[in-house]
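Please read the structure below before turning to the comments.
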Amino acid sequence: MMKLINFIRNKRQLFEKMFIPFIIAYFILVSLPYFAYSVPILGDFVSKGTTQLIYRGMIALIFVLYAVCISISYRIRPNYPWIILFSILLTTSMLVPLFSPTFLVTSYTDPQFLYTTISSIQIGMEDNISSTVSLFFDLSFAYCFLFIFPYCVRSRKHLIYILLPVIFLMLAECTYSIIFERAEYMKLLSYTDGGYSGYDIIIQATFGSKNDFGDFLLQAIIASSVCFIITRQKYHKIIYGICVGLFFIFSILSLCKTAVIGAVLLFFVGFVFWIAFSYKKHPIRNSIIIGSLVVVCAAGIFVVLAVPKLNSMMNSLFINASIKTFEERTELWNLAFYMMRGPSLFFGYSKTLANYNLYYMSGETNRWFHNGFIYIYCSYGIIGLSIYLLLLSYIFLVMVRNIKFNKNVAVVSIAIFISFLVLTMAEQVILGISGSASIFIYNFAVVLTPIALAKSYEKKGELYESFS
């Protein structure tokens with residue numbers, strides 16, 4: 001064993017050089033089930049049945065093994081407090097079968113047609129094992145982004161190189177969408193009052209749904225924004241700025257409300273923090289910028305209100321649809337709180353049983369909680385939710401500390417963090433404790449980058465010199 005450890009330590013430079021290609025390859029592989037959904041054969045292999053479990057399991061195993069090699073080669077000391085907290089969460093998940101029912105019976109009465117559906121399901125040992133194994137890998141991802149991979153980020157170029165594949169991928173997807181989904185764009189442009197709802201228009205490129213397309217567009221907006229902030233070349237800033245605008249336009253056209261709201265909130269919060277930190281240095285310039293933006297926003301609102309077709313389109317495709325969506329999700333959240341009883345209040349139901357419970361209690365209409373906090377609460381109880389909130393607090397404090405090191409990076413990190421908190425109120429996404437490609441950029445921009453920057457500034461490392 002010592003020979004293997006010494007061999008890994010002697011290969012530190014090799015593992016360091018592999019970091020960027022490894023992270024890029026990881027992103028592409030975990031993203032395949034999303035953007036290759038419509039590709040024949042490949043889409044079936046990476047997104048359906050047993051092959052999906054094998055595919056994801058192999059990626060997760062390789063990810064963890066590489067992280068172990070990095071930890072050994074860099075001689076990184078274990079962070080015992082967080083190891084203990086994650087172990088507690090994993091243990092509670094393993095104990096869930098002792099408290100949760102293994103046989104589930106639910107009934108649902110349709111209010112319109114007045115018929116009752118009685119459903120039953122047997123939760124087997126393999127379901128509990130797969131749920132625990134999945135949580136183990138999720139916690140491993142969190143530990144890697146928090147305490148291992150920040151040591152591998154050496155300069156601002158490393159940050160940009162990791163973000164570029166996300167930008168290139170979504171540029172290709174937008175191009176594909178324009179070429180092969182022309183009819184949907186024409187349908188959107190030829191909108192007639194009361195003619196259809198937002199769900200009648202399907203703009204999703206090669207993704208499985210418009211929501212997946214919108215989620216990755218939002219990640220591309222975040223990636224472009226981070227590159228815009230940290231690059232020093234002016235023409236690069238122009239290119240990244242154009243990408244931000246382009247992806248935002250496609251987010252609106254895709255009618256993915258979560259992506260649009262997340263992007264708007266990101267811009268607003270980032271702008272407010274930027275003005276707050278720089279107003280005293282440039283009061284006249286910032287006053288002009290604020291005034292110009294107010295005029296532009298006011299003009300945009302006036303145009304939407306004054307033009308009947310635009311007004312009707314916004315009401316039908318966004319406002320009315322958003323109200324309906326919110327009402328539907330409120331019902332799901334009420335069901336989620338209702339099913340938390342007895343020991344499950346503290347330990348949860350585990351990922352598998354929690355989704356099954358919601359699915360049958362909702363009349364087999366929805367298996368997703370559409371709220372990250374409620375999902376954590378139902379899956380791992382009060383214990384899991386407390387650990388998750390502690391993790392978010394730790395990440396936020398690191399970002400706040402970075403204000404004294406680099407205000408621009410701190411501002412964009414905090415803005416992304418706040419936009420994510422809003423996103424997690426409407427979607428089943430979790431920061432940090434997840435290796436899903438749908439939040440890869442969040443884990444990178446909100447968790448990995450701020451921690452890497454803080455460590456580098458404390459030790460005056462290469463990243464410190466790169467940003468100085």
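Just so it is clear, the model here is predicted, and its values are computed rather than measured. Numbers for residues simply follow the sequence, beginning at 1.
Heavy-atom neighbours of M94 CE from other residues, nucleotides or ligands within 6.0 Å: at or below the threshold of 12. Enclosure of atom CD in Q13 is not indicated, since only 12 or fewer non-hydrogen atoms of other residues, nucleotides or ligands lie within 6.0 angstrom. Residue-environment remark: CZ (F136) stays at or below the threshold of 12 foreign heavy atoms within 6.0 Å.
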E16 and Y74: CA distance, side-chain angles, deciding distance, side-chain contact (heavy atoms from CB on, under 4.5 Å) verdict:
CA-CA 9 Å; E16 184 177 316; Y74 277 75; 3.0 Å; yes

Could you walk me through whether W82 and L390 pass the side-chain contact (heavy atoms from CB on, under 4.5 Å) check?
CA-CA 10 Å; W82 281 103; L390 189 61; 4.1 Å; yes

Step by step, would you call N79 with Y143 a side-chain contact (heavy atoms from CB on, under 4.5 Å)?
CA-CA 9 Å; N79 191 298; Y143 190 86; 3.8 Å; yes

Verdict with reasoning, V411 to V269, per side-chain contact (heavy atoms from CB on, under 4.5 Å):
CA-CA 9 Å; V411 164; V269 174; over 6 Å; no

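Between the E173 side chain and the A205 main chain, no donor and acceptor come within less than 3.5 Å of each other. Looking at T424, its side chain never comes within 3.5 Å of a backbone N or O of F420 through a donor-acceptor pair. In terms of modelled atom types and a separation under 3.5 Å, the side chain of S224 and the main chain of I221 share no donor-acceptor contact. Checked by atom type and distance alone, the side chain of W333 pairs as donor or acceptor with a backbone atom of F369 at under 3.5 Å. With hydrogens and angles disregarded, a donor-acceptor distance shorter than 3.5 Å links the side chain of S419 to the backbone of I416.
Between F27 and L169 there is a side-chain heavy-atom pair separated by less than 4.5 Å. Considering only heavy atoms from C-beta on, F141 comes within 4.5 Å of D138 through its side chain. Between Y161 and I23 there is no side-chain heavy-atom pair separated by less than 4.5 Å. The shortest side-chain heavy-atom distance between F22 and I62 falls under the 4.5 Å cut-off. For the pair V68/I148, no side-chain contact is recorded, criterion being any heavy-atom separation below 4.5 Å from C-beta on. Two residues are said to be in side-chain contact when any heavy atoms from C-beta on lie closer than 4.5 Å; F373 and L421 meet this criterion. L255 has its side chain out of reach of I203: every pair of non-hydrogen atoms, C-beta onward, lies at least 4.5 Å apart. With a 4.5 Å cut-off on side-chain heavy atoms, S386 and I382 count as touching.
In summary, of the residues considered (F145, F63, F444, Y66), a ring pair (Phe, Tyr, Trp, His ring centres under 6.0 Å) with Y26 occurs for F63 alone.
Rounding to the nearest 0.5 Å gives a distance of 11.0 Å between CD1 of I84 and CD1 of I387. Going from atom CG of L90 over to atom CD1 of I83 covers 12.5 Å, rounded to the nearest 0.5 Å. With rounding to the nearest 0.5 Å, the separation of CG in L159 from CD1 in I229 is 13.0 Å. The OH atom of Y388 sits 11.0 Å away from atom OG of S393, with the distance rounded to the nearest 0.5 Å. The line from OG of S73 to CZ of F15 is 6.0 Å long, rounded to the nearest 0.5 Å. Put simply, CG on L32 and CD1 on I59 are 7.5 Å apart, with the number rounded to the nearest 0.5 Å.
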When the side chains of residues 235-247 are checked against the rest of the protein, which donor-acceptor pairs come out under 3.5 Å, sequence neighbours left out?
{"unit_1": "K237", "atom_1": "NZ", "unit_2": "F228", "atom_2": "O", "d": "2.6"}
{"unit_1": "K237", "atom_1": "NZ", "unit_2": "T231", "atom_2": "O", "d": "3.1"}

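A donor-acceptor pair shorter than 3.5 Å cannot be found between the side chains of Y442 and Q219.
For F347 and Y380, the gap between ring centers reaches or exceeds 6.0 Å. Annotation: F149 is in aromatic contact with F19 [ring centroid separation under 6.0 Å]. Between Y34 and F207, the ring center distance fails the sub-6.0 Å criterion. Taking the six-membered ring for Trp and the full ring otherwise, the centers of F248 and F267 sit less than 6.0 Å from each other.
The side-chain contact (heavy atoms from CB on, under 4.5 Å) search around A259 returns L218, S251, C256, not counting sequence neighbours.
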